[in-house]
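Working notes for the structure below.
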Amino acid sequence: MKNTTGNRLYGTVGRFRRKALRYGRSGTLLLIVLTAAVSLLPSCHKLEGEYNDALYNYEVLWRTLDERYCFFTYKNIDWDSLYDVHLAQLKRCRTSDEIFKTYCDLMANLRDGHVNLYAAGDVGRYWKWYTDYPRNFSPEVVERYYLGDGYRIAAGLSYTILRPESDRKIGYIRYESFSDGFGEGNLISLFKYLEPCYGLIIDVRDNGGGNLDYAASLAGHFADETTHYGYIRHKTGPGHDDFSTPAPRYIEPSEHIRWLKPVVVLTNRHCYSATNTFVCMMRQLPNVTILGDSTGGGGGLPFNAELPCGWTFRFSAAPMLDADGKQIENGIAPDIFCEMDTVALRNGIDSMIETATDRLQAAQ
């Protein structure tokens with residue numbers, strides 16, 4: 001037999017918990033009364049300990065995101081209505097795994113790769129920001145036919161010279177993750193080796209992000225002057241639209257080697273987070289062309305929090321904008337759209353690298 005009275009009361013107490021935060025003592029008193037009433041009803045599954053009640057953790061999760069997540073308005077998300085939808089789902093849970101999935105289902109409505117829930121045995125995540133798109137990258141083909149056996153490695157960057165017999169040699173840099181650091185000495189050695197090249201390809205396809213400092217450092221080697229590339233905003237209150245005035249962000253040119261010859265940056269949908277911001281930086285430089293598919297996005301700086309039960313979660317808290325003040329959360333379109341030729345790929349040919357190389361060699 002369904003406990004419809006209990007379901008209604010759980011929904012009611014949730015709404016008054018939210019209102020109590022806004023209306024002070026009177027709302028808090030009503031919350032106490034309703035909470036006491038609900039305590040007499042069959043409760044959701046409990047883990048060990050006073051603070052591991054599923055409903056209590058749900059309230060903390062929903063409220064934290066309500067007050068601190070930064071893309072509700074941009075993504076047109078009705079967060080209040082989703083509270084009741086997933087509360088009904090939570091009432092049917094009987095195990096910790098079911099509770100975890102319910103929390104993840106709630107968070108999936110944010111459609112954000114920076115939103116995760118972490119438990120001991122699983123990580124909740126949203127993958128559709130790239131799984132619904134073609135990959136446009138084959139690491140096996142790049143390693144076997146382009147980097148080859150003799151490529152060089154400077155910390156996290158792999159590099160070589162493509163078509164070395166040509167009068168217009170093309171440098172190629174493969175950077176797999178902005179979590180892989182490098183020092184200034186690494187970049188000086190890299191650029192000195194590639195100095196004979198007429199142009200340069202920077203391949204950040206499938207680079208899921210990492211440290212923004214490395215993105216800014218690398219971009220600074222292609223800028224000849226301080227260059228405005230975007231803005232950042234911060235939450236200033238619990239309202240969905242409570243933000244600071246946009247603060248400008250700049251690329252600072254390197255004090256050492258600067259590459260001012262033509263550059264093509266290769267992108268696909270799996271360019272995310274710090275890589276998305278790197279592309280936002282590079283597209284503002286006059287000597288750079290972005291070629292490939294749209295990036296995956298990830299334009300909000302992530303913030304970490306913890307539920308009373310010990311599970312931790314992450315969410316976007318500070319939106320980043322491009323130089324025109326537009327959101328980059330859903331990705332950045334390339335200057336030149338180019339997809340992988342799957343027939344050529346079977347023959348060891350990466351059509352995106354070939355297109356970039358041809359364009360650089362033909363450039364005046």
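When reading the values below, keep in mind they use all heavy atoms of this one structure, side chains included, and skip hydrogens, waters and symmetry mates.
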Whether [Y] and [X] form a salt bridge (side-chain N of Lys/Arg under 4.0 Å from carboxylate O of Asp/Glu) is what I want to check.
X      : Y      : result
Arg174 : Asp203 : yes
Lys101 : Asp105 : yes
Asp322 : Arg249 : no
Arg205 : Glu176 : no
Arg283 : Asp335 : no

So, the side chain of [X] versus the backbone of [Y]: is there a donor-acceptor pair under 3.5 Å, distance only?
X      : Y      : value
Thr64  : Val60  : yes
Tyr175 : Asp180 : yes
Asn287 : Lys261 : yes
Trp79  : Trp62  : yes
Lys128 : Arg111 : no
Thr227 : Ile251 : no
Asn109 : Leu106 : yes

Tell me yes or no: between the side chains of [X] and [Y], is some donor less than 3.5 Å from an acceptor?
X      : Y      : result
Gln361 : Ser166 : yes
Asp241 : Thr73  : yes
Asn304 : Arg314 : no
Tyr69  : Lys75  : yes
Glu252 : Thr226 : yes
Thr236 : Asp242 : no

Between [Y] and [X], is there a side-chain heavy-atom distance shorter than 4.5 Å?
X      : Y      : answer
Leu157 : Arg152 : no
Asn276 : Ile332 : yes
Ile336 : Thr289 : yes
Ile349 : Asp341 : no
Leu291 : Val265 : no
Asn57  : Cys309 : yes
Leu200 : Phe222 : yes
Cys93  : Thr102 : yes

Of the non-hydrogen atoms in [X] and [Y], which two are nearest, and what is the gap between them?
X      : Y      : value
Lys235 : Phe243 : CD-CE2, 3.3 Å
Ser158 : Ile153 : OG-CG1, 4.4 Å
Arg269 : Tyr130 : CG-CA, 3.7 Å
His114 : Gly300 : ND1-O, 2.9 Å
Ser254 : His221 : OG-CE1, 3.2 Å

Discussion item. Under the criterion side chain to side chain contact (heavy atoms under 4.5 Å, CB included), I'd like the reasoning laid out for Ile257 against Leu187: C-alpha separation, chi angles, the key distance, then a yes or no.
Written reply: CA-CA 8 Å; Ile257 292 179; Leu187 295 182; over 6 Å; no
Practice prompt. Could you go through the side chain to side chain contact (heavy atoms under 4.5 Å, CB included) check for Val115 and Leu65 one step at a time?
Written response: CA-CA 10 Å; Val115 171; Leu65 293 172; 5.7 Å; no
Fill in: Residue among Trp129, Tyr133, Phe137, Trp127 satisfying ring-ring contact (aromatic ring centres under 6.0 Å, His included) with His270
Trp129
Worksheet, complete the sentence: For His228, the ring-ring contact (aromatic ring centres under 6.0 Å, His included) test, sequence neighbours excluded, returns Tyr231, Tyr250
Item to complete: Carefully, step by step, assess Ile77 and Leu110 under the rule side chain to side chain contact (heavy atoms under 4.5 Å, CB included).
Response: CA-CA 7 Å; Ile77 297 170; Leu110 302 178; 3.9 Å; yes
Examine [X] together with [Y] and report whether their ring centres are nearer than 6.0 Å.
X      : Y      : answer
Phe313 : Tyr118 : no
Tyr159 : Tyr172 : no
Tyr83  : Tyr58  : yes

Practice prompt. Determine, stepwise, if the pair Arg163 / Asp358 fulfils salt bridge (charged side-chain N to carboxylate O under 4.0 Å, His left out).
Written response: CA-CA 11 Å; Arg163 303 183 187 178; Asp358 290 342; 3.0 Å; yes
Practice prompt. Would you check, one step at a time, whether the test side chain to side chain contact (heavy atoms under 4.5 Å, CB included) holds for Arg135 with Asp206?
Written response: CA-CA 8 Å; Arg135 187 174 183 187; Asp206 270 32; 2.4 Å; yes
Worksheet item: Mind checking whether Trp311 and Tyr103 have parallel, tilted or perpendicular rings, split at 30° and 60°?
Response: perpendicular
Worksheet item: Once the angle between the rings of Phe178 and Phe278 is folded into 0 to 90°, is it parallel (under 30°), tilted (30 to 60°) or perpendicular (over 60°)?
Response: tilted
Practice prompt. Tell me, please, whether Tyr198 has Arg168 positioned over its six-membered ring: NZ or CZ under 6.0 Å from the ring centre and within 45 degrees of its axis?
Written response: yes
Worksheet item: Does the ring of Phe315 carry Arg68 above it, NZ/CZ under 6.0 angstrom from centre and within 45° of its axis?
Response: no
